[in-house]
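First up is the structure itself, then whatever we jot down about it.
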Amino acid sequence: NTIIVECQARAAAILAKHKADLIKIRDELIEKKTIEGARTKEIIEELREKYPKDVGAPGPEVKLGAGAGTTTAADANGRVLLTVETAGELKGTIYYWGTPRLDDTGKSLTIPDLQMANESRTAIDSIRLGFWQTVDRELQPKLRQAMAIDLSTQVDRLKQSVTGSHRSGDLTMDILVTRQQPDQVRSTAQGITVSLLFEGTANATGQMTLQAQPPQAMLRQPNR
């Protein structure tokens, strides 16, 4: 990753310069076991006030690459891995993870849990503490919008092909689809596959030929 390589020297300088503050944060984390989001923001603000040149300085401009195909999607064990190539001062590769989902109507595909990979967060934070959040605010809305897929046309066509009269031999079935709901969404190496459940009514009519046989009487023989 280009970002990691280019930021190693700066990360080393920051660690050396602010070692005491970082040890203090480490000790707090060891004591509390976890540092919640609100406290994280407080720590960042404290460091910005104390070291405005290092923490408070504006970060590099974030721009998506101008060339075609700068954002690509691939399967990763049922989840979607987005690879984003950035340009400008922040030049490199940023990764995002997410699980594709259908809305309640089954007509819209989104990735509601889309988030930046931890490796990318760490690499970007080596430039400036908390800078990954700035980058994420810039990129995530664009990625969410790009990955939102409207399936209304495909679903309506499928409903139309199912609704109506279907004949097979002497059997005719009339089907009316009244609603659909999402079933499964899977990310595979070939792409994202979607399955829907259709609900409705069906009436079947047909002809049946019965062959009549003449009645037969059973005669009992008298006992001797």
Side-chain angles (χ1 to χ4, degrees), residues 1-30 32-100 110-148 187 189:
N1 192 313
T2 306
I3 295 178
I4 295 178
V5 174
E6 293 179 351
C7 295
Q8 284 180 338
R10 178 172 173 81
I14 291 175
L15 288 174
K17 182 178 180 180
H18 307 297
K19 184 177 180 180
D21 295 282
L22 294 174
I23 290 176
K24 182 180 178 181
I25 296 173
R26 181 203 64 185
D27 293 340
E28 180 179 347
L29 178 60
I30 292 175
K32 296 181 178 179
K33 306 301 181 183
T34 182
I35 296 180
E36 301 296 337
R39 176 53 183 154
T40 301
K41 292 181 180 179
E42 291 179 2
I43 293 173
I44 293 174
E45 292 303 321
E46 291 173 2
L47 293 175
R48 280 178 178 168
E49 184 177 354
K50 193 173 182 180
Y51 307 105
K53 292 184 179 180
D54 294 331
V55 184
E61 181 182 4
V62 182
K63 296 186 295 183
L64 289 175
T70 52
T71 302
T72 58
D75 171 63
N77 297 322
R79 302 176 70 192
V80 174
L81 172 63
L82 296 181
T83 303
V84 184
E85 300 293 340
T86 58
E89 295 182 49
L90 184 64
K91 183 179 180 181
T93 304
I94 301 176
Y95 298 100
Y96 276 80
W97 293 94
T99 305
T110 59
I111 305 180
D113 61 347
L114 185 67
Q115 58 183 314
M116 185 185 295
N118 291 333
E119 296 83 355
S120 295
R121 295 184 186 186
T122 302
I124 297 173
D125 260 5
S126 65
I127 300 176
R128 180 166 63 87
L129 186 63
F131 184 46
W132 79 266
Q133 295 169 316
T134 303
V135 176
D136 187 60
R137 282 194 296 269
E138 176 72 20
L139 294 182
Q140 189 168 144
K142 297 178 181 178
L143 294 176
R144 287 182 179 273
Q145 182 178 3
M147 292 303 298
S187 175

Value rounded to 0.5 Å, distance of [atom1] in [X] from [atom2] in [Y]:
| X | Y | atom1 | atom2 | answer |
| --- | --- | --- | --- | --- |
| I43 | L29 | CD1 | CG | 8.5 Å |
| M116 | I94 | CE | CD1 | 5.0 Å |
| D125 | R121 | CG | CZ | 9.5 Å |
| L82 | Q140 | CG | CD | 10.0 Å |
| L139 | Y96 | CG | OH | 4.5 Å |
| D21 | I25 | CG | CD1 | 6.5 Å |

Just by distance, do the side chain of R79 and the backbone of W97 share a donor-acceptor pair under 3.5 Å?
no
Quick one: does T86's side chain have a donor or acceptor within less than 3.5 Å of a partner on G92's backbone?
yes
If you take all heavy atoms of M147 and V80, which pair is closest and at what distance?
CE-CG1, 4.4 Å
Considering all heavy atoms, the nearest P100-I111 contact
CA-CG1, 4.2 Å
May I ask you to say whether K24 pairs ionically with E46, meaning some side-chain N is under 4.0 Å from a carboxylate O?
no
How would you list, by chain and number, every residue that makes a side-chain hydrogen bond (donor to acceptor under 3.5 Å, both in side chains) with [X], sequence neighbours excluded?
| X | result |
| --- | --- |
| K32 | E28 |
| N118 | none |
| T122 | none |

My understanding is that only residues two or more places apart in sequence, or in another chain, count here; which of them pass side-chain contact (heavy atoms from CB on, under 4.5 Å) with Q133?
I44, R137
By side-chain contact (heavy atoms from CB on, under 4.5 Å) - contacts of P112 (at least two apart):
R101, T110
Looking at residues at least two apart in the chain, or sitting in another chain, which of them share a salt bridge (charged side-chain N to carboxylate O under 4.0 Å, His left out) with D113?
none
Indicate yes or no: at least one non-hydrogen side-chain atom of T93 is less than 4.5 angstrom from one of Y95.
yes
